[in-house]
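Each chain gets a letter, A, B and so on, in the order its sequence line appears, and its residues count up from 1. Everything numeric here is computed off the predicted structure, so don't read it as measured data.
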4 protein chains.
Amino acid sequence: MSEESQNNRYEQQKLSAVKAAAAEFAEHGYHGASTKAIAARMGVQQGSLYYYFKSKEDALLAVCLFGIRDYASRMREIAANAQPFEAKLLATISSHLSSYRSTNEALKVYNAERLYLSAEKRANLKELGSMYRELLESIFDEAIRDAAIHDNVDCHFAAQTVIGMCNAWGELIVRDPELDIFELTQKCTNLLLRGFGK
Amino acid sequence: MSEESQNNRYEQQKLSAVKAAAAEFAEHGYHGASTKAIAARMGVQQGSLYYYFKSKEDALLAVCLFGIRDYASRMREIAANAQPFEAKLLATISSHLSSYRSTNEALKVYNAERLYLSAEKRANLKELGSMYRELLESIFDEAIRDAAIHDNVDCHFAAQTVIGMCNAWGELIVRDPELDIFELTQKCTNLLLRGFGK
Amino acid sequence: MSEESQNNRYEQQKLSAVKAAAAEFAEHGYHGASTKAIAARMGVQQGSLYYYFKSKEDALLAVCLFGIRDYASRMREIAANAQPFEAKLLATISSHLSSYRSTNEALKVYNAERLYLSAEKRANLKELGSMYRELLESIFDEAIRDAAIHDNVDCHFAAQTVIGMCNAWGELIVRDPELDIFELTQKCTNLLLRGFGK
Amino acid sequence: MSEESQNNRYEQQKLSAVKAAAAEFAEHGYHGASTKAIAARMGVQQGSLYYYFKSKEDALLAVCLFGIRDYASRMREIAANAQPFEAKLLATISSHLSSYRSTNEALKVYNAERLYLSAEKRANLKELGSMYRELLESIFDEAIRDAAIHDNVDCHFAAQTVIGMCNAWGELIVRDPELDIFELTQKCTNLLLRGFGK
DNA sequence: CATGAATGAGCGTTCATTCAT
DNA sequence: CATGAATGAACGCTCATTCAT
């Protein structure tokens, strides 16, 4: 039990480290953030960080994974559910946008800073990222099969655009805590389904 | 003539410095880029950079301005022209997306790094950026008045979304030189007008 | 005991840093001295200095304080003692001149370089310096009241002159380790009391 | 005539350069002053300074010489005159103190910065400086022979002290343009002749 | 005589990282 | 598990100086 509680303690501290790193990376960027500031934010000395991360780059990887893990797994659920296209699209957007509120800026860090990871470290992420896009593409594919959307829709373009639009709004969500995510989700979904025109 | 050519020399070098800085900032981010690398890219010694920029931050400001000056002025022209909504929207998107090819990554830098400028330095940019969004909003306002789009469209949301979508694609344009901008412009415009649904 | 010795370790190193800085500032002036040379003199790497000083300017402040702290507190004792004027004057001069031997050139640095401190940092010093002069003035005031000196002596002038004379000789003391301070003290005191004339 | 006027022009500019350098050296010290600031103060470009000084060190030498040339030659006149001791002492102090007003801070620079000159460059100055002190010593020697002062006065000490006292006040004169030099001269002379005691 | 452009060395400072305690 | 002390490389920047024009 003592071992377990120690383990818990470690996990708690590690989580706290990830959140501190996420906040610093989000505010100053990966290169602009300092390990000293991350340590200060979580209330330990600079050297102690190295019990939780092997290096600064390692911290970035941890933050990125923290940022997309849930987000990617929720996508898997959405794609697997037997729902009409419109519901799936709404669920996707809702999940994506609200992730920006719930992951301590880690999703923003994933978007803005992941390219600074070395190729090897990024490999893990790439898989999750690609999976996300492919699942979204498959939703559009299915919609075409079900005649829910025009058959001339480019599914790759569509998925990329949905992701890009959500990320663009995500930046604004992080910066403006007043933004109403529910309303925003409605508007985005509506736009994607029907456009602005008459 | 000697005077003019001397003047040209300075202007040429300054432009070359801005482009070198844009490239380095785009690749490594503001904090990750080094003045040494910028100098090396333009073929001078590190110290010589300071003949053209008062500081690294000043270089970032110059890059950002370089990135949005034309882009903003083109928007002014588009908004002023007497054209139907659909043409204006297409022109906007076309201008926005092709800027990512013509400004040596400076527009990408403006989007990703401008928040690292101090408040005073950013003031110059803010005006141009706000103007851009407001002009775009006015195009949507006008479209409502002309009954070209539904009257329940939130023009602020619409403008922000167009900008966000273009910037998201801009990132991809910069990273992938093969991307067909003409085709992309069509698809984006089409989506915004009619959506994916039937 | 381990804790105390650790604390000692830091204090020892900090003192060593102050002395190294004093020596370099005295030899090359504040601007002419390099942090690299200071670090080398105390046997650490350049960057390690910043564990003991927040900045080079901070090091100058530390040196100045080190240079005048004892010197100012001794003045307080002298002024407080119930002794005849001549004894107080002698004590003052003796204390002032011998400080130049005991503070590792820090007093010289205080005199020659303190004006390079920013106004805020200099504030700490100003108080001590003013106190010193005022205490000395009060000794002259008292001497007038006790009729130990002519009543037309300008006490401000007198204090300033004593200080100036001692500092002038201090420069020579630092440069020439052979100078006999005891003899010098006698001569200065004698001059101030009786002048060169008959 | 054209040649002469050109020569004059050069001499004027050189003088202006010396004064500019004196002012910068006095304000920031030799190492703290920049050639750029000196050039700016005299209204030319940085590179143009090198028509008047071979190097920054050369500029310091020129300033030092400018600071003590007149001052030393005046001392020669004073020592040569057939006047009583008291008159000579007064003339010396008057000349010394008023030099601080008339040489654009160059005398202050001579005192505070001359040690940063390399040994060879300082040689010229040393001669003038030693001459000054020796002339002053000879005045005290003569005063002993004429029985104008006690025969136990140490003439070397006396000369050094007079110089030191004047330089100490000189610092204050430079910093405070309101100081009454005439009054100060009287007080210093009086002190040196009669002391503060009764 | 003066300039503007450039240099290359050096500066003060910060950084990610290590490791004995 | 955590610290405090130290490292050495890199950073942004300033400098005195040079030289073609």
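- At a threshold of 4.0 angstrom between heavy atoms, the contacts of A:A59 with the nucleic acid are absent.
- Residue contacts for A:A33: at a heavy-atom cut-off of 4.0 Å it reaches the sugar-phosphate backbone alone, with no base atom in range.
- Rounded to an integer number of Å, the gap from C:E57 CD to E:dC11 C1' is 16 Å.
- For the pair D:E24 CD and F:dT14 C1', the interatomic distance rounds to 15 Å; values are reported in whole Å.
- When rounded to the nearest whole Å, the span between CD of C:E11 and C1' of F:dG4 equals 14 Å.
- In this structure the side chain of D:L107 never reaches within 4.5 angstrom of the side chain of D:V174, judged on heavy atoms.
- Distance from the side chain of C:Y50 is smallest to E:dG12 among E:dA5, E:dG12, F:dG12.
- Rounded to whole Å, atom C1' of E:dA6 lies 13 Å from atom NZ of D:K36.
- F:dT21 is paired with E:dA2 under the Watson-Crick or G-U wobble criterion, all donor-acceptor distances under 3.5 Å.
- The NE2-C1' distance, from C:H28 to E:dC11, rounds to 15 Å in whole Å.
- The side chain of A:T35 approaches E:dT17 more closely than any other nucleotide in the set F:dT3, F:dA6, E:dT17.
- Both D:S48 and C:K56 lie close to DNA chain E; mapped to their nearest nucleotides by heavy-atom distance, the more 5′-ward contact belongs to D:S48.
- Distances from the side chain of B:S34 to the nucleotides E:dG12, F:dG12, F:dT7 place F:dG12 closest.
- Side-chain N/O atoms of D:Q46 include none lying less than 4.0 angstrom from OP1 or OP2 on E:dA5.
- Among B:Q46, B:K56, B:E24, the single residue meeting the side chain to side chain donor-acceptor pair (under 3.5 Å) criterion with B:T35 is B:Q46.
- Remark: P of F:dT14 and CG of B:D58 are 11 Å apart, rounded to the nearest angstrom.
- One finds no side-chain N or O of C:Q13 lying less than 4.0 angstrom from the OP1 or OP2 phosphate oxygen of F:dG4.
- Computed from coordinates, the B:K14 NZ to E:dG4 P distance equals 16 Å when rounded to whole Å.
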Determine, stepwise, if the pair D:F66 / D:Y110 fulfils ring pair (Phe, Tyr, Trp, His ring centres under 6.0 Å). CA-CA 9 Å; D:F66 179 73; D:Y110 165 78; over 10 Å; no

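- Atom pair D:I38:CD1 and F:dT17:P shows a separation of 10 Å (rounding to whole Å applied).
- Each of C:G43 and B:S55 lies near DNA chain F, and the nucleotide nearest C:G43 is the one positioned closer to the 5' end.
- A close approach under 4.0 Å does occur between a side-chain nitrogen or oxygen of A:R9 and OP1 or OP2 of F:dA2.
- The pairing partner recorded for F:dC13 is E:dG10, the criterion being a Watson-Crick or G-U wobble arrangement whose two distances lie under 3.5 angstrom.
- Distances shown here put a side-chain N or O of A:Y52 below 4.0 Å from the OP1 or OP2 atom of F:dA2.
- Side-chain nitrogen and oxygen atoms of B:Q45 include at least one within less than 4.0 Å of the OP1 or OP2 phosphate oxygen of E:dG8.
- Closest-nucleotide positions on DNA chain E for B:L49 and C:Y30 were compared, and the one nearer the 5' end corresponds to B:L49.
- Residues A:N124 and A:L61 are in side-chain contact: their nearest non-hydrogen atoms beyond the backbone lie under 4.5 Å apart.
- Proximity of D:Y51 to the phosphate of E:dA2: no side-chain N or O atom is located under 4.0 Å from OP1 or OP2.
- Of the listed residues (D:Q13, D:Q12, D:K14), just one forms a side chain to side chain contact (heavy atoms under 4.5 Å, CB included) with D:Y10, and that residue is D:K14.
- Of the listed residues (A:V63, A:L65, A:I38), just one forms a side chain to side chain contact (heavy atoms under 4.5 Å, CB included) with A:V18, and that residue is A:V63.
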